[in-house]
Amino acid sequence: MEAQQGTLRIKTGFAEMFKGGVIMDVVTPEQARIAEAAGATAVMALERVPADIRKDGGVARMSDPTMIKGILAAVSIPVMAKVRIGHFVEAQILQALGVDFIDESEVLTPADEAYHVEKHAFKVPFVNGAKDLGEALRRIGEGAAMIRTKGEAGTGNVVEAVRHARSILGSIRSIQSRPLEELMAVARDLQAPYELVLYIHEHGKLPVVNMAAGGIATPADAALMMQLRMDGVFVGSGVFKSGDPEKRGKAIVRAVTHFNNPDILAEVSTDLGEPMVGINLDTLEIEQRMALRGW
Amino acid sequence: MTQPKIGVLALQGAFREHKQTLERLNIEVTEVRLPRDLAGLSGLIIPGGESTTMGKLMVDYDLLEPIREFSSSGGAIWGTCAGAILLAKQIEGVPPQFGTQPSLELMDMRVRRNAFGRQVDSFEAPLEVKGLETPFNAVFIRAPIIEWVGEDVDVLSKAEGEIVLARAGRLLTSSFHPELTGDSRLHELFLSMI
């Protein structure tokens, strides 16, 4: 029997398993255990959550392998970790450590101002952020097995995630209604691979899982993204920067499963303690906007 | 004869792919999130996803006992990957901080979680399956194996010497993901068990 590893089907198939679930940012093994106990489908291991990266400034890089190994050993659920945009050596290191998914993330300081990682070369699957459909399709063209909205990480403000979700899903609906002879021009305008535009026209969805991320802080935020037709949710600073992470984590997990059931949403939204303090986008300078990183 | 209605447990995971595969076979499918959604079903599929997440949500929304009753009153159940873990009487590889992991404890078998390793060890391979004429392309993703089965359990396939597909009466369990390949032969096998 010839077994194959690292195929596109194994990478995108793994991504399918995260649908209807919540992936939580954690910075210690202890937080990873709390996230697993709250029902997270995976944890994202990093040294500082985006809210702290914003506050501290400086260059944000891949986490130290010691802390990633600590988290790999602490939980039985999949572990993701972030590399800087274009930093394929950080990605080689994470693959060697046995990380289950790599996020090539705008939350870290970009390592390359023109190019992203060529992701087909890796056995481990990648997730990438996108603000619009063109960006999503370029990342899929490079081999991304999962797409997430960029939103604006570390703000606790869902408005950018909503903007990106509406932009991606709106463009998909529009491509579905265009006649075949217009699709090459659509691909040109989107700066996206033609074959992927054809796929969208035929199937009305991305060829990979499409998650929501960037500013999700409450169960209602998470359910909002699910009702907009996203496949699942990443919560960054929103859980462990709040007053009662365990309770809030659990509530967001329940809200993503029962996103269409307002009675359950009302119940899980009740009495969660302090949410993370949010940032209004109009108080952020352009250079503080993480979503604008990536090309 | 009226068409059977099949439920897919939709707490989390790859429930949509099972739904689409069944719909291609012209089967009526409903998503199950609460006990009331089990009404009128003749079969239930527990999909792949994260077994700890699904187990918790089954406890939180009181699904364990209703699904056991569904099984004892003749309903067929198929668990794939995480679903196989949730059917097992014994689970190995549970994080120590959990103590035990919630399960339906319906099938007399011992399942080991993440038995082939992490995602970089995931693989696909053609599999000989008892009753199928040609191999089934099986996708194993951080897959469990069935380490041991009771005498009433019929082993239908093995990969790398480990049990990966088994049946006991109206219970079916697979450690791989037939919903990801577009091959509906195992879905047809499940429908024949109803």
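Values in this document were obtained by computation on a predicted structure and should not be read as measured data. The sequence lines fix the lettering, A, B, ..., with proteins before strands; numbering per chain opens at 1.
Looking only at atom types and distance, the side chain of T7(A) has a donor-acceptor partner in the side chain of E124(B) under 3.5 Å away.
S122(B) touches chain A through backbone and side chain together, each having a heavy atom under 4.5 Å away. Proximity to chain B involves both the backbone and the side chain of L72(A), based on heavy atoms less than 4.5 angstrom apart. For F14(A), the parts lying under 4.5 angstrom from a heavy atom of chain B are both the backbone and the side chain. For E179(B), the part lying under 4.5 angstrom from a heavy atom of chain A is the side chain only. Of the two parts of V120(B), the backbone and the side chain both hold a non-hydrogen atom closer than 4.5 Å to a non-hydrogen atom of chain A. Looking at S51(B), there are no atoms closer than 4.5 Å to chain A (heavy atoms on both sides), in backbone or side chain. Contact annotation for A74(A): only backbone heavy atoms (N, CA, C, O) come within less than 4.5 Å of a heavy atom of chain B.
Ranked by heavy-atom pairs under 4.5 Å with chain B, the list V22(A), I264(A), V253(A) is led by I264(A). For the set G6(A), A42(A), P125(A), the entry with the most heavy-atom pairs within less than 4.5 Å of chain B is P125(A). The residue among V75(A), I10(A), V209(A) with the most heavy atom pairs within less than 4.5 Å of chain B is I10(A). Note on R142(B), E128(B), E50(B), R113(B): by heavy-atom pairs under 4.5 Å with chain A, the leading option is R142(B). Considering only heavy-atom pairs separated by less than 4.5 Å from chain B, the leading option among Q95(A), R33(A), K250(A) is R33(A).
Counting non-hydrogen atoms of neighbouring residues, nucleotides and ligands closer than 6.0 angstrom, the CZ atom of F240(A) exceeds 12 such neighbours. Other residues, nucleotides and ligands contribute only 12 or fewer heavy atoms inside 6.0 Å of the CD atom of E151(B). For K69(A), the NZ atom counts as loosely surrounded, since its 6.0 Å shell holds 12 or fewer non-hydrogen atoms of other residues, nucleotides or ligands. Residue R68(B) places its CZ atom among more than 12 non-hydrogen atoms of other residues, nucleotides or ligands, all under 6.0 Å distant.
The closest side-chain heavy-atom distance from V79(A) to R118(B) is below 4.5 Å. A heavy-atom distance below 4.5 Å is not found between the side chains of V256(A) and Q12(B).
Taking a cutoff of 4.0 Å between a charged side-chain nitrogen and a carboxylate oxygen, R16(B) and D231(A) qualify as a salt bridge.
Shown here for R9(A) and L180(B), the closest heavy-atom pair between the two residues is CD-O, 3.7 Å. Across all their heavy atoms, T52(B) and S76(A) have their closest contact at CG2-OG, 4.2 Å. Of all non-hydrogen atoms in K11(A) and Q119(B), the two that sit nearest each other are CA-NE2, 4.3 Å. Minimum heavy-atom separation, T257(A) to R33(B): O-NE, 3.0 Å. Closest non-hydrogen pair, A14(B) versus M17(A), comes out as CB-CE, 3.8 Å. Closest approach of A38(A) and K56(B) over heavy atoms only: C-CD, 4.1 Å.
Distance check, rounded to the nearest 0.5 Å: CZ of F15(B) to CD of E16(A) gives 11.0 Å.
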